[in-house]
Amino acid sequence: MGSAKKSDVHDPHDSAPASGPHDSTLASGPHDSPLAPDSGSGDDTDKVLTAVGPRLRKIRKERGATLAGLSEATGISVSTLSRLESGGRRPSLELLLPIARAHQVPLDELVGAPPVGDPRVRAKPIVRHGRTMVPLTRQPGGLQAYKVIEPPRTDTPDPRTHEGYEWLYVLSGRLRLVLAEHDVVLGPGEAAEFDTRVPHWFGSTGEGPVEFLSLFGPQGERMHVRARPAVKGGKRE
């Protein structure tokens with residue numbers, strides 16, 4: 001460990017005392033908003049900082065270093081290092097950086113940063129009139145995506161209209177779609193898109209459950225699907 005100049009043995013801190021569907025389809029209004037800020041985040045920070053002192057002492061002793069030797073390597077006074085380890089001094093970046101360099105460890109190892117959180121999205125299902133909708137987007141407004149599970153049942157179509165644009169993709173089962181004068185059935189892998197200002201209704205055919213994806217833009221946002229160009233005479237158009 002390199003030795004630092006001792007003109008700042010009593011560092012400037014020493015003088016400071018430790019002190020997130022519409023009815024016929026999916027709701028167009030806002031659903032469950034993203035999680036509210038954690039009111040206990042301040043307590044978590046205090047817990048992390050409180051654990052720094054014992055961790056500093058443990059790392060120093062594992063390396064067989066003394067407070068005097070660490071002081072020589074960092075330029076931080078022995079008294080400040082001692083108070084850091086005992087919890088009498090609140091750790092700061094200015095103090096932890098030279099200590100991390102002296103021990104040749106990442107700063108995270110001194111602080112004991114918590115592991116990265118679980119990246120999986122645990123969406124809360126919404127159940128309406130027997131239809132289960134799982135939100136796949138968390139931000140409010142704009143294009144909204146849902147996975148929809150419709151139980152097997154026979155309903156009388158009741159077409160409705162509202163602002164927006166919708167795109168449907170069937171995952172499994174068969175989905176009946178009534179759109180203006182059209183009455184069609186979509187199977188797995190089939191998709192449909194339409195302006196929701198056109199009278200529409202969709203649901204189970206009654207033959208069994210159906211699962212599908214719905215992308216809905218309340219302001220008319222459209223889902224763009226890029227299709228492979230048709231082939232004519234061995235050449236793509």
* Treat each ILVMFWY residue as a node, draw an edge where side-chain heavy atoms are under 4.5 Å apart, and state whether Ile76 and Leu97 are in one component. => yes
* In terms of the angle between their ring planes, are Phe202 and Phe212 parallel, tilted or perpendicular, with boundaries placed at 30° and 60°? -> perpendicular
* Is it true that Leu168 and Val198 fall in one hydrophobic cluster, defined by side-chain heavy atoms closer than 4.5 Å? -> yes
* Structure fact -> When every non-hydrogen atom of Arg128 is compared with those of Ile126, the smallest separation belongs to NE-CG2, 3.9 Å
* Side chains of Leu215 and Thr137: closer than 4.5 Å at any heavy-atom pair? -> no
* Structure fact -> Residues at least two apart in sequence or cross-chain that pass side chain to side chain donor-acceptor pair (under 3.5 Å) with Lys61, listed by chain then number, are none
* Could you walk me through whether Glu166 and Phe194 pass the side-chain contact (heavy atoms from CB on, under 4.5 Å) check? -> CA-CA 6 Å; Glu166 189 141 16; Phe194 51 89; 3.9 Å; yes
* Asked: Does any non-hydrogen side-chain atom of Gln144 lie less than 4.5 Å from one of Pro135?
  -> no
* Asked: Who are the salt bridge (charged side-chain N to carboxylate O under 4.0 Å, His left out) partners of Glu62, not counting sequence neighbours?
  -> Lys58
* Structure fact -> side-chain contact (heavy atoms from CB on, under 4.5 Å) filter on Pro209, not counting sequence neighbours, yields Pro152
* Structure fact -> Nearest heavy-atom approach of Ile149 to Pro151 is O-CD, 4.0 Å
* Heavy-atom check, side chain of Leu95 versus side chain of Thr74, under 4.5 Å -> no
* Does any non-hydrogen side-chain atom of Leu70 lie less than 4.5 Å from one of His103? -> yes
* **Aromatic ring proximity, centroids under 6.0 angstrom, His200 and His162** => yes
* Asked: Would you call Leu171 and Leu213 a side-chain contact if the rule is heavy atoms closer than 4.5 Å?
  -> yes
* Spacing of Arg90 atom CZ and Arg83 atom CZ [to the nearest 0.5 Å] -> 14.0 Å
* How close do Pro159 and Val178 get, heavy atom to heavy atom, and via which atoms? -> CG-CG1, 4.2 Å
* Structure fact -> What one should report as the nearest heavy-atom pair of Phe216 and Gly164 is CE1-CA, 4.1 Å
* **side-chain hydrogen bond (donor to acceptor under 3.5 Å, both in side chains) partners of residues 169-178, not counting sequence neighbours, each pair once** => Arg174-Glu207, Arg176-Asp183
* Between Ser82 and Val78, is there a donor-acceptor pair closer than 3.5 Å when you use the side chain of the first and the backbone of the second? -> no
* Assess whether side-chain contact (heavy atoms from CB on, under 4.5 Å) is satisfied between Thr205 and Val210, documenting all intermediate values. => CA-CA 9 Å; Thr205 60; Val210 58; over 6 Å; no
* Structure fact -> So CD of Glu85 and CD1 of Ile99: to nearest 0.5 Å the spacing works out to 8.0 Å
* So which heavy atom on Thr161 is nearest to which on Arg197, and how close? -> CG2-O, 3.3 Å
* Please identify each residue that fulfils side-chain contact (heavy atoms from CB on, under 4.5 Å) with Pro54, with sequence neighbours left out. => none
* Can you tell if the side chain of Arg131 reaches within under 4.5 Å of the side chain of Val148, non-hydrogen atoms only? -> yes
* To do: Considering non-hydrogen atoms only, spot the tightest contact between Arg60 and Leu67 and give its length.
  => NE-CD2, 3.6 Å
* Beyond-backbone contact of Val105 with Leu110, side-chain heavy atoms, under 4.5 angstrom -> yes
* To do: Check side chain to side chain donor-acceptor pair (under 3.5 Å) between Arg63 and all other residues, then give those that pass, not counting sequence neighbours.
  => none
* Going from CZ on Arg57 to CG on Leu84, what distance comes out if it is rounded to the nearest 0.5 angstrom? -> 10.5 Å
* **Separation between CH2 of Trp201 and OG1 of Thr156, rounded to the nearest 0.5 Å** => 8.5 Å
* Asked: Looking at side-chain heavy atoms only, is the closest gap between Leu93 and Leu107 below 4.5 Å?
  -> yes
